[in-house]
Amino acid sequence: MGTMAPKRILTALADLLWVPRCTACDNFVSLAGGDSICAAFCSVCIESLVPTGSPRCPICGLTFDGVGKDHVCGHCLADRPAFSSSYAPFLYGGAVKQAILRFKYRPAPWLSTQLGRLLFSQDGVLATPDVVMPVPSHPSRLRQRGFNQSALLARYAAAACRVPLDTNTLRSTRETMQQAGLNRAQRLRHLRGAFAADSTPRLADARVLLVDDVVTTTATVRAAAQALVEAGARRVDVLSLARAP
Ligand SMILES: [Zn+2]
Ligand SMILES: [Zn+2]
């Protein structure tokens, strides 16, 4: 066993003791008011948060610049997704991006609680689900990392909604490559058929809340929702922490 640097020992201890700290930078946070945003971020990091708002696409949650009414975006008009709605409390960037990136490599229970609470930090328009499912990781990635961060968030969401968590019905069928270098059309093509769902009695006619950490082009959640609807889900709604602007 190698020696741990003192900072790492302190971090590990603090994780065990659940000392409330900023999910983005580890600063201590004030828990005044018990607000989930104040519990998850220090006062400096809170300044960098951008809540999502109107005008936005009521289907995929894409936020538009300027003022005006919500309206269906060009992507959804041209190619309507299998999910009914997609909601995220924040735009992807600043402290929320930092927190999500850290969470990918450090699944401390306090982090998943703090970030899970953030899913419900704004008054999102969520249909009450029958079951909550995470966007699955491919088994090889799961082996490598040891956990699926979306499943940790989904577990929190299921408890909050008081409905079952289902991590088995929706599966990743093949390894998908890094999406970073791909444009929107390439991502959509690449992810088509990347998921499969079993037609279980639980899924039949069910309203599914599909949870992911961040939604960017919607290619991933489109493919996952498609698999769920084809397997019998009545409705799929997507909930994530952050939406790429
Ligand atoms: Zn901070
Ligand atoms: Zn849209």
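Each ligand, and each atom within it, is numbered from 1 in the order the structure gives.
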Student: Give a rough value, rounded to 10 degrees, for the angle at the Zn ion (ligand 2) between atoms SG of C73 and SG of C60.
Tutor: 110°
Student: Salt-bridge test for D130 and R202: reply yes if a basic N is under 4.0 Å from a carboxylate O, no otherwise.
Tutor: no
Student: Please report, to 10°, the angle around the Zn ion (ligand 1) from atom SG (C25) across to atom SG (C45).
Tutor: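 Computed angle, vertex at the Zn ion (ligand 1), rounded to 10 degrees: 110°.
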Student: Between the Zn ion (ligand 2) and H75, is there an N, O or S atom separated by less than 2.8 Å?
Tutor: no
Student: Do the ring planes of F41 and F90 sit parallel (below 30°), tilted (30 to 60°) or perpendicular (above 60°)?
Tutor: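 If you compare the ring of F41 with that of F90, the planes turn out perpendicular.
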Student: When rounded to the nearest 0.5 angstrom, what distance separates CG in N148 from NZ in K104?
Tutor: 9.0 Å
Student: If we ignore hydrogens and angles and just use 3.5 Å, is the side chain of R207 paired with the main-chain N or O of P129 as donor and acceptor?
Tutor: no
